[in-house]
Amino acid sequence: MAVDKEKLPVHIGFIMDGNGRWAVKRGLPRKMGHREGAKAFRKIARYCKTIGIKYITFYAFSTENWKRPKDEVDEIMRLFGEYLNEADDFKKDKTRIIFLGDKSAFSEDLRTRMEEIERDSAVFDEMTMLLAMNYGGRDEIVRAAKTAAEMVLEKDIKPSDINESLISSLLYTGGIPDADLIIRPSGEKRISNFLTWQSAYSELYFTDVLWPDFTAKELDKALEDYASRSRRFGGV
Ligand code: IPE
Ligand code: IPE
Ligand code: MG
């Protein structure tokens with residue numbers, strides 16, 4: 001990795017897109033693409049750890065992805081369950097894991113396991129991995145607004161206390177710095193409801209490579225591009 005440490009993003013978000021097209025291109029069922037995508041996810045997460053990225057978020061399943069055919073959704077959930085079963089690896093990787101999204105849609109088994117992993121990995125602070133599962137950026141903001149409204153009703157705060165930092169703290173990502181860099185493979189150039197609030201000043205990187213083909217080398221390219229950008233946050 002050629003980029004100097006100071007110019008690395010603190011928080012990278014990955015929109016893991018292109019699994020379906022990867023499979024279709026090979027005459028395979030779409031679910032094979034999700035299997036390959038899951039392998040790429042493991043490799044990229046490990047690579048981010050070795051180069052010293054502090055926060056990584058993977059967009060794995062959106063609130064809109066339930067529209068897909070049942071067998072495809074079932075396969076994604078199966079792969080997710082498989083990952084959760086081996087997630088004890090976080091202990092050897094010293095990685096904190098946090099799930100972003102509405103857990104109530106998952107089976108009791110998956111939910112319990114997700115909560116266990118969040119609790120048991122909370123001791124680690126070298127790297128934090130955020131997995132966006134049944135996540136929607138708009139849904140996240142609506143929830144934060146509801147919580148703020150309840151706080152007003154309970155007289156914990158006044159309406160005038162509602163500000164950016166309060167809303168930020170009520171998001172699934174409360175306490176986590178905003179994404180510096182968002183990477184979307186697959187050729188699509190949109191955000192698709194990912195980190196809606198947290199991407200206000202993110203640098204965006206798009207590539208035609210499909211997610212299952214996304215390698216450490218591709219990530220290096222994105223990091224080099226990121227390192228060359230001038231972030232102004234509205235200043236000069
Ligand atoms: C991303 O790959 C994975 C999920 C959305 C779960 P896709 O399945 O969207 O792949 P394409 O966009 O159809 O190629
Ligand atoms: C975004 O990809 C969601 C995830 C990668 C989990 P989609 O494939 O769902 O996005 P659209 O439909 O192309 O916008
Ligand atoms: Mg897609």
Side-chain angles (χ1 to χ4, degrees), residues 9 11-45 47-48 55-84 87 97-107 110-111 114 129-143 171-173 176 179 181-200 202-215 218-219 222:
H11 182 176
I12 310 181
F14 293 93
I15 300 178
M16 302 192 282
D17 195 22
N19 294 349
R21 278 164 282 173
W22 183 93
V24 170
K25 243 174 63 179
R26 287 165 177 75
L28 298 168
R30 290 177 56 87
K31 60 182 175 194
M32 296 306 286
H34 295 305
R35 284 184 205 170
E36 279 308 302
K39 290 185 199 160
F41 152 72
R42 286 171 173 82
K43 283 188 203 144
I44 294 297
Y47 184 63
C48 285
Y55 299 92
I56 43 174
T57 300
F58 290 96
Y59 198 11
F61 195 82
S62 76
T63 47
E64 289 73 36
N65 288 147
W66 298 104
K67 290 179 202 160
R68 297 185 177 211
K70 185 176 180 300
D71 68 326
E72 182 173 343
V73 171
D74 286 350
E75 176 64 9
I76 294 170
M77 293 304 148
R78 192 192 65 77
L79 288 165
F80 180 51
E82 205 171 81
Y83 177 71
L84 294 183
I97 298 178
I98 295 173
F99 298 96
L100 311 180
D102 177 7
K103 291 190 184 78
S104 70
F106 299 112
S107 69
L110 285 185
R111 219 166 46 227
M114 288 159 92
M129 178 162 81
L130 302 105
L131 288 175
M133 258 328 258
N134 191 27
Y135 172 87
R138 288 186 171 182
D139 175 64
E140 181 182 38
I141 294 168
V142 168
R143 277 158 190 276
L171 301 175
Y172 292 122
T173 51
I176 307 286
L181 170 64
I182 292 180
I183 298 177
R184 182 169 195 157
S186 93
E188 310 300 351
K189 295 181 180 68
R190 54 176 171 261
I191 291 294
S192 301
N193 211 7
F194 182 52
L195 300 181
T196 306
W197 174 283
Q198 303 88 335
S199 63
S202 302
E203 296 297 326
L204 307 178
Y205 181 88
F206 299 104
T207 165
D208 288 340
V209 171
L210 302 172
W211 175 254
D213 293 328
F214 193 88
T215 55
E218 295 298 331
L219 179 53

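Atoms within a ligand are numbered from 1 in the order they appear, just like the ligands themselves. Side chains are part of it too, since the values below use all heavy atoms of this structure and drop only hydrogens, waters and symmetry mates.
By the 3.5 Å distance cut-off applied to N or O atoms, W22 is not counted among the residues near ligand 1.
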>> Go through it in stages, so that I can follow the logic: the residues are F99 and I97, the test is side-chain contact (heavy atoms from CB on, under 4.5 Å), and I'd like the CA-CA distance, side-chain angles, deciding distance and then a yes or no.
In response: CA-CA 7 Å; F99 298 96; I97 298 178; 3.9 Å; yes

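Remark: the backbone N or O of K103 is not paired with any side-chain donor or acceptor of N134 at under 3.5 angstrom.
Closest heavy-atom contact between I12 and I183: CG2-CD1, 3.9 Å. The heavy-atom pair separating W211 from G37 by the smallest distance is NE1-O, 3.0 Å.
Salt bridge E36/R26: absent, no basic N to carboxylate O contact under 4.0 Å. With respect to the salt-bridge test (charged N to carboxylate O, under 4.0 angstrom), the residues K31 and D71 do not qualify.
Protein neighbours of ligand 2 below 4.0 Å, counting non-hydrogen atoms: I15, M16, D17, Y59, A60, F61, N65, R68, R184, R190, S192.
Side-chain contact check for Y172 and R143: at least one donor-acceptor pair (N or O, by modelled atom type) lies under 3.5 Å.
Screening the protein for N, O or S atoms under 2.8 Å from the Mg ion (ligand 3) yields 1; no waters enter the count.
In terms of the side chain to side chain contact (heavy atoms under 4.5 Å, CB included) criterion, residue partners of S107 (sequence neighbours excluded) are, by chain and number, D109, L110. Legend: residues meeting side chain to side chain contact (heavy atoms under 4.5 Å, CB included) with A60, ordered by chain and number and at least two apart, are M16, M133.
S186 pairs in a side chain to side chain donor-acceptor pair (under 3.5 Å) with only one of the listed residues (D208, N19, D17), which is D17.
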